[in-house]
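Single-structure report; data block below.
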Amino acid sequence: MRREFGIWRQAGVLALTAAVILGGAAQAADTSTLTASERREDLNTLYSVLQRGHPDLFANTPEAEFLARRTEIESRLATESDVEFVLDLQSLTALVRDSHTQVSLNAVADQVRFYPMVLTWYDGHWYLTTAAREHADLVGREVTAVNGHTMEQVLEAFSTLLSADNAVKLRRQFRQNCNVADLYEYVGLVPAGGALELTLDGGETLPVEEVDAEALGGLSLSRLPDQIDSQPATAAAEDAYWGTALDGDTYYIQYNTCQEDPELPMETFAAQVQTELEGGDYARILVDLRNNGGGSDGVIWPLLAVLRQEMDDGTQVVGLIGETTFSSAIINAVELQEMGAVLVGEPASGSVDHFGSVGTAALPHSGVRVGISTKYIDLGTLLDADAGRGVESLEPDVTVPQTMADTLAGRDTAVEWLLAHPERLEQRAYPDAPLTRGRFVGLLHAAAGSPQAAETAPFSDLLGIEWYLPAVHWAAEAGVTGGTAEGTFAAARLLTWQEAAVFLTRTVQALGWEPETVRSSDLPAALARGAWDQEALELAWGWGLLPEDAGVGITRAQGEAMAEALTALAD
């Protein structure tokens, strides 16, 4: 039996205590004011550990801006409060623009002030999802401004404090900190000690007075779930992962954390899922990553092996992503795309490529803890699905945002949309993305009629889940590719025109075709550049398989065109 937690894990209902709002479990340090000398040492230590620990500290912000910010902070070390000092440290760290590199406020948790409210994002709008009990009638209303500032201006102001590598993560960070009064004052949205005024749709305003952490815990609050009578069957649970049948021919898996459940190892869970799938008649499997904030990306692999088998048998796999999908869950979502699965839902707060693998450090006097990315994770070196993307929010192939109306009605918008659309979905096309070796072999395989291979390819770097895996097996068996000198296939490596020509001509030869020469013009310089097999280039050009608009790189659209030209040879 799965342990209910509720969809409101996504809906913006916090316990509204300092520990929950500020994150982490670190204890607050001594709250006595530090000396300017001690603060200077902490500031210098922070800058030093960022420089030593981060693989590319100045990737997004020039070093001069860091130094200018540090000088500005130094000018007020003797006069600011402990909270202001920690926020200064946070603002310096925010210049990294890295979603995994963060400063925690826990060292001053007992000094921070709060507003008794929470704002949550639904389908392009901000809503009041928690308020003082006397304002219960306003919960669920759209919020359009804070102290006269539009929500876009509020997010821009908070970007000086919150380190994020994409707009969705910034929005997510704001949502997690939206009731911390000190932050609004620090970025200039609220005067010192002043009230927060929310503007609601229709122009109505709601003033919100600040309280300290102790008073916050004693307030009577109205939360969004108070207005909701039921939850969907797919509501977030405390379990690390669980699965169940939905609506007859759909099987649903919820994967909430990239961590092994000691009471249910992933291999055991994957075996259970396989047994249930074999005992039913499922046309579609949903893998829900919308509540998954990361962990270890390798935990899911036994389940991916089961899904690969089901996909080979014709079952469609759909991944669900959303704002909470982050870190290792992003890697898993892109792996699903590498398998050929379609992603449905909303843009994720995690970026496709990103800094990650966090290390931690504590500053000597304040006790402030810092999380620092220690490496850059470039999925493009491993996965064709990443090609053409980078440090940007992972977008779904089909966008279906959770709406406030469905939330209030206890419905899961994306899952209900999927149940109402049983047709086979397609991944989003990225025609201008660069073409990889793996994708091109997949296109050639389809153009050749998808012949079966008797043996598996011997390449050591294949993951075993790729959608183009049967194509690589065939290509190796048919002599279309022999891989690299290192015994690998290098599926994610970008294709060159020379490789394209070789793969094309070898495919023609493997199929026993004898095409006619349709071009007599000279090989364009762009195609001839770096040639190591002039004959293959001349043949592919003469047969009309290589495009006339060849540039420096090859796009997916050009790969599709070459595959279509190959198919035309058989007519």
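Predicted model, so just to flag it, every value in this text is computed and none were measured.
Remark: aromatic rings of W417 and H421 are close, center separation under 6.0 Å. Between Y127 and W121, a ring centre-to-centre spacing not shorter than 6.0 Å is recorded. A ring-centre distance under 6.0 Å is not found for Y468 and W474.
Using a distance-only test at 3.5 Å, with no hydrogens or angles considered, a donor-acceptor pair links the side chain of T275 to the main chain of A271. Looking at Q173, its side chain does come within 3.5 Å of a backbone N or O of S163 through a donor-acceptor pair. In this structure, T101 contributes its side chain and D98 its backbone to no donor-acceptor pair below 3.5 Å. For N292 (side chain) and A329 (main-chain N/O), no donor-acceptor pair under 3.5 Å exists by modelled atom type. Here the side chain of Q90 pairs a donor or acceptor atom with the backbone of L161 at under 3.5 angstrom. Counting only distance, with no hydrogens or angles, the side chain of N60 and the backbone of V96 share a donor-acceptor pair below 3.5 Å. Between the side chain of D297 and the backbone N or O of S328 there is no donor-acceptor pair closer than 3.5 Å. With hydrogens and angles disregarded, a donor-acceptor distance shorter than 3.5 Å links the side chain of R308 to the backbone of M339. Listed for the D261 side chain is a donor-acceptor partner under 3.5 Å among the backbone atoms of E263. For the pair T250 (side chain) and D247 (backbone), a donor-acceptor distance under 3.5 Å is absent.
Atom-to-atom distance recorded for L286:CG and T244:OG1 is 11.5 Å, nearest 0.5 angstrom. Here D249 contributes atom CG and L419 contributes atom CG; the two are 8.5 Å apart, rounded to the nearest 0.5 Å. Note that the CG atom of L379 and the OG atom of S351 stand 10.5 Å from one another [nearest 0.5 Å]. Distance check, rounded to the nearest 0.5 Å: CE of M266 to CD of Q272 gives 11.0 Å. Atom-to-atom distance recorded for W242:CH2 and L264:CG is 13.5 Å, nearest 0.5 angstrom. Considering CZ of R369 and OG of S104, their distance stands at 8.5 Å, rounded to 0.5 Å.
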message: Working note: N291 + T324, criterion side chain to side chain donor-acceptor pair (under 3.5 Å); need CA distance, chi angles, decisive distance, verdict.
response: CA-CA 6 Å; N291 312 303; T324 304; 5.8 Å; no

- request: Given side chain to side chain contact (heavy atoms under 4.5 Å, CB included), test R69 with L95 step by step and report yes or no.
  value: CA-CA 9 Å; R69 184 62 177 150; L95 293 174; 3.9 Å; yes

- request: Might you work through the side chain to side chain donor-acceptor pair (under 3.5 Å) test for H473 and E455, ending with a clear yes or no?
  value: CA-CA 7 Å; H473 294 330; E455 298 181 0; over 6 Å; no

Worked check of side chain to side chain donor-acceptor pair (under 3.5 Å) between N332 and E335: CA-CA 5 Å; N332 294 154; E335 287 168 343; 3.1 Å; yes

message: With side chain to side chain contact (heavy atoms under 4.5 Å, CB included) as the criterion, how do W126 and R175 come out once you've worked through the C-alpha distance, each side chain's angles and the decisive distance to 0.1 Å?
response: CA-CA 9 Å; W126 288 97; R175 177 253 173 275; 4.1 Å; yes

- request: I would like to know whether I285 and E310 meet side chain to side chain contact (heavy atoms under 4.5 Å, CB included); could you show each step before the answer?
  value: CA-CA 9 Å; I285 302 170; E310 294 297 321; 3.9 Å; yes

Steps toward side chain to side chain contact (heavy atoms under 4.5 Å, CB included) verdict (Y186, T160): CA-CA 10 Å; Y186 186 88; T160 62; 5.5 Å; no

Working for side chain to side chain donor-acceptor pair (under 3.5 Å), residues D412 and T234: CA-CA 7 Å; D412 185 330; T234 55; 2.6 Å; yes

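With a 4.5 Å cut-off on side-chain heavy atoms, T93 and I372 do not count as touching. Inter-residue side-chain proximity for L304 and L336 is flagged as met; some heavy-atom pair is nearer than 4.5 Å. In this structure the side chain of V287 reaches within 4.5 angstrom of the side chain of L307, judged on heavy atoms. Looking only at side-chain heavy atoms (C-beta outward), D42 and V368 stay at 4.5 Å or farther from each other. When side chains are defined from C-beta on, T325 does not count as touching L394, because their heavy atoms never get closer than 4.5 Å. At least one side-chain heavy atom of Q337 sits under 4.5 Å from a side-chain heavy atom of L343. Within the 4.5 Å cutoff, no side-chain heavy atoms of P401 are placed close to those of Y122. Within the 4.5 Å cutoff, the side chain of I377 has no heavy atoms near those of the I330 side chain.
More than 12 heavy atoms of other residues, nucleotides or ligands sit less than 6.0 Å from atom CG of D313. Around atom CD of E267, no more than 12 heavy atoms belonging to other residues, nucleotides or ligands sit under 6.0 Å away.
The closest side-chain donor-acceptor pair between E486 and T488, if any, does not fall under 3.5 angstrom. Side chains of T315 and R284: no donor on one and acceptor on the other come within 3.5 Å. Under the 3.5 Å distance criterion, with hydrogens and angles disregarded, a donor-acceptor pair is assigned to the side chains of H100 and S327. Side-chain N/O atoms of N166 and S393 include no donor and acceptor closer than 3.5 Å. Side-chain atoms of Y251 and E276 form a donor-acceptor pair, as typed in the model, at a separation below 3.5 Å. A side-chain N or O of D288 and one of Y252 form a donor-acceptor pair less than 3.5 Å apart.
Ring-plane geometry between F158 and F174 is classed as perpendicular, the angle between the planes exceeding 60 degrees on a 0 to 90 degree scale with a lower cut at 30. Taking the six-membered ring for Trp and thresholds of 30 and 60 degrees, F66 and Y47 have ring planes inclined between 30 and 60 degrees apart.
Remark: Y376 pairs with F355 by the ring pair (Phe, Tyr, Trp, His ring centres under 6.0 Å) rule, at least two apart or across chains. Checked against side chain to side chain contact (heavy atoms under 4.5 Å, CB included), E416 has the following partners two or more places apart in sequence or in another chain: R411. Considering only residues two or more places apart in sequence or on other chains, E156 meets the side chain to side chain contact (heavy atoms under 4.5 Å, CB included) condition with none of them.
E499 has a carboxylate O that lies under 4.0 Å from a charged side-chain N of R493, or vice versa, which qualifies the two as a salt bridge. Salt bridge annotation for D165-R97: absent, with no cationic side-chain nitrogen under 4.0 angstrom from a carboxylate oxygen.
Both tests hold for R437 against F489: distance to the six-membered ring centre under 6.0 Å, angle to the ring axis within 45°. With Y430 as the aromatic partner, R389 meets the cation-pi criteria of under 6.0 angstrom to the ring centre and within 45 degrees of the ring axis.
The two residues A233 and L246 make their nearest non-hydrogen contact at CB-CD2, 4.4 Å. The shortest heavy-atom contact between A457 and A476 is CB-CB, 4.0 Å.
Checking each of Q402, R290, K169, R171 against E323 for a side chain to side chain donor-acceptor pair (under 3.5 Å) leaves exactly one that passes, namely R171.
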